[in-house]
Protein chains: 2
Amino acid sequence: MSLAESISEMEEAVRSLRRDARRRQVLDAAVAVMQRTGFHEMSMQALANEASVSVGLLYTYFGGKEEILLAAVLDILNSFRDQLRPAMDAVGDDPVERLAAGFRRYTEIVDENRDAVLLTYRESRTLDHAGLEQIKELEVETSAPLRDAVEAGMARGIIRSADPDLVTYDLMMLAHAWALKAWHFEPKYSVETFIRAQTALVLQSLIPPSRRSHYRHLVEG
Amino acid sequence: MSLAESISEMEEAVRSLRRDARRRQVLDAAVAVMQRTGFHEMSMQALANEASVSVGLLYTYFGGKEEILLAAVLDILNSFRDQLRPAMDAVGDDPVERLAAGFRRYTEIVDENRDAVLLTYRESRTLDHAGLEQIKELEVETSAPLRDAVEAGMARGIIRSADPDLVTYDLMMLAHAWALKAWHFEPKYSVETFIRAQTALVLQSLIPPSRRSHYRHLVEG
DNA sequence: ATTCACTATGAATTATCGTTCATTTTAGCG
DNA sequence: CGCTAAAATGAACGATAATTCATAGTGAAT
């Protein structure tokens, strides 16, 4: 490779980095504004102000308003996916422990991104078909570690046999409930107590009685 | 009461009936348009066309666009509330049977009003504070029969003791999941099989082993 | 210093839409 | 058939907001 080529490659890389930084700047601002007002009520002017850039600049980094929404949502879902498996790996091999840790982490992430979770429920309808498909695929991908743990547990007979997919989605729904029904749960529960109570309730169903004493710390709130 | 007064009262009643009919006509149209396009994308012109009335008329029956949204959502939630308890009363006194019947009916209603359920999740943010409060109150009211069954079951020791409120809301979330995640469940489940599978899963957690044989028809899909 | 490519600006454009209101139609009644 | 009040109409208004584009700044290379 020639020197000139190396230099041009580095320049390319620098530009790409700057581009990413700007995009993130806009996306963060977008999430912030949307959590205050909602997507439709967010004017491009308001977004530009929040991000400290001009309106015109938004259009050099994104195709339009809807593309910003999609990018913001995908950004969030990606961080979901990337954080789940590591948290589960940290607790070892036992499928039940992995499942409990996964549910815990998932719910914590929901808590840390409550507005973002609500956003995905509220605004998905706005997206076009391609965008929706991307979101659905990411959701399935994200849930994979949980499903793996459920299946592993069933294979070893530690988890009562049932449809692993149904169990996985139910767990996700209960985690989402923390964001969707915060107005109802918040007065009585903290994230911590919510997680404990749900874990106890769910595992009661999933672990056969004979195995239950092994997991007393999880089954009893 | 004079004859004149009687007549004027009847006229009043007739007018009120006509008003209600017109309001329902508009509300039905609104739900239809919103399920196609979403609230923000629905123009008053489009709504007027769907309802076969003029734009101006909308404003003689409703205060504005947002008031139509609120009315539509409340209409739906009211029908939820009115249909649940009768279905539970039909199966008798046993709390577990009542709970299962309640969950079944609730999920069926969700299925019959899928778009409407999605609407409440998508568009609640749009409503003002007073509107939101009304919705939350209705949701709590609707869930009351389920909660009653749960509490009755716990009092009699037929249902494992836990936070009845948490159990109730979890059940509602799982029913809502049928609408929220239809894209995921629909290929594999029908409403019927979905209800059976969820019922089995949930009751496994709620009924102590000693009692389980009594409810084999519910616990086994 | 000048050029050049890239980045950024924000006023102007264009379009849509919620709301109003002057006007017309309808229905009931003497 | 008029008469009146209620019901209904839809063009016009005013406001907002997404998008474009002519213009300006920036800084590295010649």
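Proteins come first, then strands; the chains are lettered A, B, ... in the order of their sequence lines, and each starts at number 1.
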Exercise. Is the closest side-chain heavy-atom distance between A:V33 and A:T37 below 4.5 Å?
Worked result: yes

Seminar exercise, completed: B:Y59 OH to D:dA11 C1', in whole Å, measures 15 Å

For this session: Could you check B:S52 against A:G56 and say which one's nearest nucleotide on DNA chain D is further toward the 5' end?
Result: B:S52

Exercise. Between A:V53 and B:M42, who's closer to the 5' end of DNA chain C by nearest nucleotide?
Worked result: A:V53

Exercise. Using a cut-off of 4.0 Å on non-hydrogen atoms, how would the nucleic acid contact of B:Y61 be classed: base, sugar-phosphate, or nothing?
Worked result: sugar-phosphate

Exercise. So what does A:R22 hit on the nucleic acid, given a heavy-atom distance under 4.0 Å: a base, only sugar-phosphate, or nothing?
Worked result: sugar-phosphate

For this session: Please state how far atom NE2 in A:H40 lies from atom C1' in D:dT16, giving the value in whole angstrom units.
Result: 15 Å

Exercise. How many Å lie between CD on A:E66 and P on D:dT19, as a whole number?
Worked result: 9 Å

Exercise. Under 4.0 Å between a side-chain N/O of B:S54 and OP1 or OP2 of D:dT9, yes or no?
Worked result: yes

Exercise. Between B:H176 and B:Y106, does the ring centre distance come in under 6.0 Å?
Worked result: yes

Seminar exercise, completed: Walking DNA chain C from its 5' end, the first of B:K65 and B:L57 to be reached, judged by nearest nucleotide, is B:K65

For this session: Kindly confirm or rule out a cation-pi arrangement of B:K65 over B:F39, judged by NZ or CZ under 6.0 Å from the six-membered ring centre and within 45° of its axis?
Result: yes

For this session: Report the distance from atom CD of B:Q45 to atom P of C:dG18, rounded to the nearest whole Å.
Result: 10 Å

For this session: Would you please classify the geometry between the B:Y169 ring and the A:W183 ring as parallel, tilted or perpendicular, with 30° and 60° separating the classes?
Result: perpendicular

Exercise. What integer distance in Å separates B:F62:CZ from D:dA8:C1'?
Worked result: 15 Å

Exercise. Can you tell me how far C1' of C:dC17 sits from CG of B:N49, to the nearest Å?
Worked result: 14 Å

